[in-house]
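Here the structure comes first, spelled out in structure tokens, and everything after it is commentary.
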Amino acid sequence: MHFIISLLPYYVKQFGAGDFMIGLLSMVYPVGQIFAAPLIGRLSDKVGRKKALLLSVGGTFVSLLTLGFAKSLVVIFMARLIDGLTGGNITIAQSYISDFTGEKERSKNLGLIGAAFGLGFILGPAIGGFLSRWGFSVPALFAAGLSFINLINIVFLLPESKPVKESKRVPFTFEELKNTISTPHISSLLFVKFFYSLGFTMFESTFALFIMRKLELPLSTTSYVLAYVGLVLVFTQGFLVGKVTKKYEESKIVQILVWIAASFLVLYSFSPNIATLLLFLTPLSISSALIGVSLSTLVTKSVGKDKLGGTLGVFNSVDSLMRIISPLVGGAIIQYLGPSFLGIFEGAFVLIGGLIFITLFIPRYSELVSKQFQRIPENVL
């Protein structure tokens, strides 16, 4: 899918789309994800991860085929909506990994998932740009072919992940999902996710505009900077996460690194040149990757496997919601206050999330862990 995201504005221009229509198109997928991610995640709790993943990847395959053969803007919008309403790959993959890994290795494996998606963001646009020489529909059809291969691999190579017995007795309703996320430790972690995601999605969505306004760098240089950030994220998620989480608990990692992340979010926006910018972006990228994986791991440790997919889906839908809100807020800050104020707001949002994490989540999570420990039979201890 990363093949065609960066090419969509050029693709829809062929059908007479203006800037406003392009902006609307960029919102279709995350809007679909807001509603679909929790539902597909919960579906994976009920019927198994493999069946839910087939639905998700199958939806992506259909959406890419539709996009590749589209002859109008309406069909392109439909294609993006189909993908948004079925695209729960990350949620299901995180749930699948959590089913088969112990708590000590979970962060490492969740980090590898993030690294794989990160490589897609780095390589996808380059491959898509190369394939677009033969027409903007070619990258979409090529990606559809890869999705079909993925479907075959899931059918024949992926082991079945059966839902736990208790999940069949849990009703598949919004009320049940609401009850899960309303528990004290999950609700407080959801608020942490809200502010953390708002800060970092604002950073991601407005970074190119920030560089253009603040440092007046050309597009090619901006692309190199973004590629550097992507490589740091991939290295952190694929290698450092496993090393760091062997020594420190995820809750401790978040408590420490949230201050570093918030500080460097403020500092990067005052960078006078590209060398200083890269200096600030390195610790910022490392800390954000470690925090992101740690938060996901804490979600998996806070609920039973019968509710894991639905809960992860809710947390991932927060990211989708922020990808709609943050570009609007970030763009307004740059236009009316100036690019140097952007990092102040981003750092403040992340800091608020950190304070909620320390004051609300940690006490509730500690109580949950204590109760779980007390339920372990003495002969096991």
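All residue numbers refer to positions in the sequence shown, counting from 1.
Side-chain contact between Ile286 and Thr282 is present, with heavy atoms from C-beta onward closer than 4.5 Å. A heavy-atom distance below 4.5 Å is not found between the side chains of Tyr196 and Val254. Considering only heavy atoms from C-beta on, Leu257 comes within 4.5 Å of Ile260 through its side chain. Leu141 has its side chain out of reach of Leu64: every pair of non-hydrogen atoms, C-beta onward, lies at least 4.5 Å apart. Within the 4.5 Å cutoff, the side chain of Arg49 has heavy atoms near those of the Leu308 side chain. No side-chain heavy atom of Gln255 sits under 4.5 Å from any side-chain heavy atom of Tyr248. Within the 4.5 Å cutoff, the side chain of Gln237 has no heavy atoms near those of the Phe117 side chain. Annotation: side chain of Asp83 is in contact with side chain of Thr60 (closest heavy-atom distance under 4.5 Å).
Scanning both residues, Ser271 and Leu215, for their nearest heavy atoms gives O-CD2, 3.3 Å. Summarising the geometry of Leu312 relative to Ser95, their closest heavy-atom pair is CD1-OG, 3.5 Å, with the distance given to 0.1 Å. For the residue pair Ala70 and Val75, the shortest heavy atom distance occurs at CB-CG1, 3.7 Å. Pairing each heavy atom of Val234 with each of Gly118, the nearest pair is CG2-C, 3.8 Å. A pairwise comparison of heavy atoms in Ala79 and Leu67 identifies CB-N, 3.8 Å as the closest pair. Between Ala261 and Val350, the shortest heavy-atom contact is CB-CG1, 4.5 Å.
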Item to check | Candidate pair Thr300 and Gln94, rule side chain to side chain contact (heavy atoms under 4.5 Å, CB included), full reasoning | outcome: CA-CA 9 Å; Thr300 69; Gln94 290 174 330; 5.8 Å; no
Item to check | Residue pair Leu112, Asn109: steps toward the side chain to side chain contact (heavy atoms under 4.5 Å, CB included) verdict | outcome: CA-CA 5 Å; Leu112 289 174; Asn109 290 301; 4.0 Å; yes
Checklist entry - After noting the C-alpha distance and the side-chain angles of Leu189 and Tyr365, does the key distance pass the side chain to side chain contact (heavy atoms under 4.5 Å, CB included) rule? => result CA-CA 9 Å; Leu189 194 56; Tyr365 181 68; over 6 Å; no
Checklist entry - Step by step, would you call Glu204 with Arg323 a side chain to side chain contact (heavy atoms under 4.5 Å, CB included)? => result CA-CA 9 Å; Glu204 293 168 3; Arg323 287 191 172 92; 4.0 Å; yes
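Lys108 contributes no side-chain N or O that, together with a main-chain N or O of Thr245, makes up a donor-acceptor pair within less than 3.5 Å. Using a distance-only test at 3.5 Å, with no hydrogens or angles considered, a donor-acceptor pair links the side chain of Gln33 to the main chain of Gly84. Ser56 contributes no side-chain N or O that, together with a main-chain N or O of Ala52, makes up a donor-acceptor pair within less than 3.5 Å. When atom types are taken as modelled, the side chain of Ser197 and the backbone of Phe194 share no donor-acceptor pair closer than 3.5 angstrom. Judged by distance alone, with hydrogens and angles left aside, the side-chain atoms of Arg364 form a donor-acceptor pair with the main-chain N or O of Pro184 at under 3.5 Å.
Two different hydrophobic clusters hold Phe270 and Leu279 under the rule that ILVMFWY side chains link at heavy-atom gaps under 4.5 Å. Under the 4.5 Å side-chain heavy-atom criterion for grouping Ile, Leu, Val, Met, Phe, Trp and Tyr, Met78 is not connected to Ile34 through any hydrophobic cluster. Taken together through direct or relayed side-chain contacts under 4.5 Å among Ile, Leu, Val, Met, Phe, Trp and Tyr, Val329 and Leu321 form part of one hydrophobic cluster. Residue Val74 is not grouped with residue Phe136 when hydrophobic side chains (ILVMFWY) are merged at heavy-atom distances under 4.5 angstrom, including chains of intermediate members. Leu25 is not connected to Leu328 by any chain of hydrophobic side-chain contacts under 4.5 Å among Ile, Leu, Val, Met, Phe, Trp and Tyr, and they are in different clusters.
The distance from atom CG of Leu119 to atom CG of Leu233, rounded to the nearest 0.5 Å, is 11.0 Å. Expressed to the nearest 0.5 Å, how far OH of Tyr29 lies from CG of Leu85 amounts to 10.0 Å. Atom CG of Leu158 and atom CG of Leu151 lie 11.5 Å apart (nearest 0.5 Å). Between atom OG of residue Ser251 and atom CG of residue Leu298 there is a gap of 6.0 Å, rounded to the nearest 0.5 Å. Between the CD1 atom of Ile334 and the OG atom of Ser269 there is a distance of 10.0 Å, given to the nearest 0.5 Å. To the nearest 0.5 Å, the span separating OG1 on Thr297 from CG on Leu110 amounts to 4.5 Å.
Taking the six-membered ring where the residue is Trp, the centroids of Phe341 and Phe345 are separated by 6.0 Å or more. Taking the centre of each ring, Tyr268 and Phe264 stay at or above the 6.0 Å mark. Residues Tyr228 and Tyr224 place their aromatic rings such that the two centres sit no closer than 6.0 Å.
Thr201 and Ser326 form a side-chain donor-acceptor contact under 3.5 Å, judged by distance and modelled atom types alone. Residues Asn273 and Thr276 bring a donor and an acceptor atom of their side chains to less than 3.5 Å of each other. Using a 3.5 Å distance cut-off with no hydrogens or angles, the side chains of Lys214 and Ser340 do pair a donor with an acceptor.
Within 6.0 Å of atom CZ in Phe235, more than 12 heavy atoms from other residues, nucleotides or ligands are found, so the atom counts as buried in its surroundings. The 12-atom threshold is not exceeded at CZ of Phe191, counting heavy atoms of other residues, nucleotides or ligands nearer than 6.0 Å. Phe69 CZ: 12 or fewer foreign heavy atoms inside a 6.0 Å radius.
The aromatic rings of Trp134 and Phe130 sit perpendicular to each other, their planes meeting at more than 60°, with 30° as the lower class boundary.
The pair Glu250-Arg106 fails the salt-bridge criterion, with no side-chain N (NZ, NE, NH1 or NH2) lying under 4.0 Å from an Asp/Glu carboxylate O.
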